[in-house]
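Input: a single structure, listed below in structure tokens.
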Amino acid sequence: MTNETWGLVREELIKRVGRTNYATWIEPLKLSHLRNGVARFEVPTSFFGDWVNRNFADHIRAQLNTAGAQVERVEFTVSSRPAAPVAAPTAPAAAPKAKPARTAETEDMPGAPLDARFTFDSFVVGKPNELAHAAARRVAEGGPVTFNPLFLYGGVGLGKTHLMHAIAHELQTRQPHLRVLYLSAEQFMYRFVQALRERQIMDFKELFRSVDVLMVDDVQFIAGKDSTQEEFFHTFNALVDQNKQIVISADRAPGEIKDLEDRIKSRLQCGLVVDLHPTDYELRLGILQQKVEQYRNQYKGLAISGGVLEFLAHRITTNVRVLEGALTRLFAFASLVGREITLELAQDCLADILRASDRKLTIEEIQRKVAEHYNIRLSDMIGPKRVRTIARPRQIAMYLAKQLTPRSLPEIGRRFGGRDHTTIMHGVRKIEELMATDSQLNDDLQMLRRLLQG
Ligand SMILES: Nc1ncnc2c1ncn2[C@@H]1O[C@H](COP(=O)(O)OP(=O)(O)OP(=O)(O)O)[C@@H](O)[C@H]1O
């Protein structure tokens with residue numbers, strides 16, 4: 001095959017698998033044989049070959065055929081040449097060519113590249129996520145490691161994955177020599193089990209310990225999975241010891257992840273732990289405005305009446321994914337029927353989403369969640385006991401009832417065992433006062449809010 005043909009195949013492959021996958025998994029391949037319908041490539045390790053075989057062999061074969069090479073089978077054999085060492089962080093551009101992979105980056109779903117839309121540019125920053133965004137930016141600069149790991153957590157659809165992908169994209173642009181490995185904890189486990197089964201554990205360890213930046217999404221997944229935790233712990237330590245950056249995400253704070261070993265929890269807390277708070281109205285509006293800008297190109301000529309975005313930002317408070325989904329549906333529907341997007345159209349077309357978001361939080365739900373959280377009886381919420389271990393959670397429930405429901409103080413009082421509205425007011429004030437100094441209380445409140453608001 002001529003260099004020109006391989007050049008075309010390469011370009012097509014970049015389009016199919018994404019630039020980062022290409023650089024990680026395909027660029028290091030050495031074509032050693034192309035005869036009798038077999039294309040054989042040399043790979044640095046058998047684990048590497050196995051990964052490429054599972055994820056990219058079909059693409060490679062298809063593209064070789066398109067280029068006229070008539071390939072029926074693609075094979076991978078381990079190169080007899082010794083594997084090139086990983087460049088030290090202080091000598092970044094020393095020998096990028098010699099490394100088996102310049103940028104190692106995988107994706108959540110096998111075969112799908114990192115989401116190209118998840119960049120810093122497309123991430124709307126507001127009060128609820130400004131800290132997480134700033135921390136992610138800092139890591140993405142790729143400077144000396146200042147906190148390790150960066151632990152991002154928050155409820156469903158609040159942008160954790162988006163920020164992690166943004167870090168990977170940015171690092172790749174700024175420092176293409178770095179090996180950035182992004183994967184979900186589930187994928188980590190899957191690869192680990194596979195390596196055990198196929199007796200390739202050394203390759204597995206080598207791959208994970210030779211990256212410059214490791215990003216593991218949804219780490220709560222490994223809770224309760226003992227040997228995966230063990231391996232994760234060792235990988236984590238090995239990378240930290242080498243001063244390699246680690247970024248982790250989870251749906252809750254390290255300390256809140258049940259069935260996660262204490263030594264892992266404490267390791268995860270060692271760096272910077274930041275959370276993505278539930279969105280506020282301004283952030284939701286900002287995200288909608290940004291999406292509309294994108295849609296303007298896609299749906300040329302489609303008009304949107306004033307007030308529609310404000311209406312959506314006000315009514316759909318669950319998570320950003322739902323918000324985006326609503327807007328996508330609205331645009332698709334409006335373009336289909338050829339109508340302007342008005343408030344009326346939005347109400348019609350999104351009736352189900354609006355109804356679901358409309359679910360009113362009850363005082364009883366708040367009492368139940370708070371009681372569960374502090375391990376007290378629900379009956380004690382409304383009962384007369386005044387010991388601190390019961391009175392404090394009760395005041396927290398009062399505070400949340402005032403904050404999260406439209407109920408008046410006398411109404412809340414009635415649901416707390418017929419207490420007077422001044423008692424409720426006192427409880428709410430007490431919590432507000434404590435919030436100024438008690439960080440544990442603030443954490444608890446944040447978590448309860450998240451649990452209650454979904
Ligand atoms: N601040 C933001 N600006 C722009 N888009 C956002 C923002 N936050 C979230 N999104 C979008 O919302 C969707 C969900 O975000 P993402 O997948 O990152 O959430 P997540 O926190 O990882 O959720 P999960 O817990 O379900 O994995 C994505 O399409 C993402 O682009």
Side-chain angles (χ1 to χ4, degrees), residues 105-109 112-137 139-140 149-170 182-189 215-223 247-254 256-258 260 268 273-296 298 309 312-313 316-332 353 356-357 446-447 449-451 453-454:
E105 182 177 294
T106 63
E107 64 295 320
D108 232 358
M109 289 184 308
L114 277 181
D115 197 317
R117 295 165 308 167
F118 290 179
T119 60
F120 282 118
D121 279 350
S122 63
F123 190 82
V124 181
V125 185
K127 265 234 149 315
N129 61 23
E130 63 181 346
L131 213 60
H133 171 260
R137 278 269 191 205
V139 169
L150 167 60
F151 189 98
L152 297 169
Y153 74 94
V156 175
L158 295 180
K160 301 180 291 294
T161 302
H162 188 136
L163 276 181
M164 287 182 110
H165 286 209
I167 294 174
H169 288 307
E170 185 81 9
Y182 165 84
L183 79 173
S184 67
E186 185 176 7
Q187 208 174 17
F188 179 87
M189 185 186 84
M215 304 206 212
V216 181
D217 211 347
D218 289 325
V219 80
Q220 74 278 355
F221 182 85
I222 63 166
V247 184
I248 305 281
S249 88
D251 63 354
R252 62 200 74 180
E256 305 286 344
I257 305 177
K258 273 204 192 111
L260 192 66
L268 293 175
V273 178
V274 268
D275 66 338
L276 288 131
H277 297 226
T279 56
D280 59 14
Y281 171 79
E282 290 79 8
L283 179 59
R284 291 194 293 273
L285 189 60
I287 292 172
L288 287 170
Q289 283 164 342
Q290 181 194 257
K291 278 255 136 202
V292 166
E293 280 312 307
Q294 291 165 13
Y295 282 141
R296 276 197 207 290
Q298 199 177 333
L309 297 186
L312 295 181
I316 304 178
T317 54
T318 38
N319 77 54
V320 180
R321 204 172 282 128
V322 175
L323 197 63
E324 285 183 341
L327 199 66
T328 308
R329 190 201 291 182
L330 202 52
F331 268 86
I353 298 179
S357 304
Q446 248 169 47
M447 182 158 106
R449 271 209 186 90
R450 229 188 335 261
L451 285 172
Q453 294 185 304

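Indexing begins at 1, ligand by ligand and atom by atom, following the structure's order. This is a predicted model, so every value here is computed, not measured.
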Going by atom types alone, do Y281 and T317 pair a side-chain donor with an acceptor below 3.5 Å? no
Looking only at the aromatic ring of each residue, does the gap between the centers of F118 and H169 stay below 6.0 angstrom? no
State which residues pass side chain to side chain contact (heavy atoms under 4.5 Å, CB included) with M447; sequence neighbours excluded, sorted by chain then number. E256, H373, L451
Per-ligand residue contacts, ligand 1, heavy-atom threshold under 4.0 Å: F118, S122, F123, V124, N129, G155, V156, G157, L158, G159, K160, T161, H162, I287, V320, R321, E324
Tell me, please, which residues at least two apart from I248 pass side chain to side chain contact (heavy atoms under 4.5 Å, CB included). P149, F151, V216, V219, F232, I246, L268
Applying ring pair (Phe, Tyr, Trp, His ring centres under 6.0 Å), name anything that partners H133, two or more places apart in sequence or on another chain. F120, F123
Apply side chain to side chain contact (heavy atoms under 4.5 Å, CB included) to residues M164 and V247 and explain how you reach the verdict. CA-CA 8 Å; M164 287 182 110; V247 184; 3.9 Å; yes
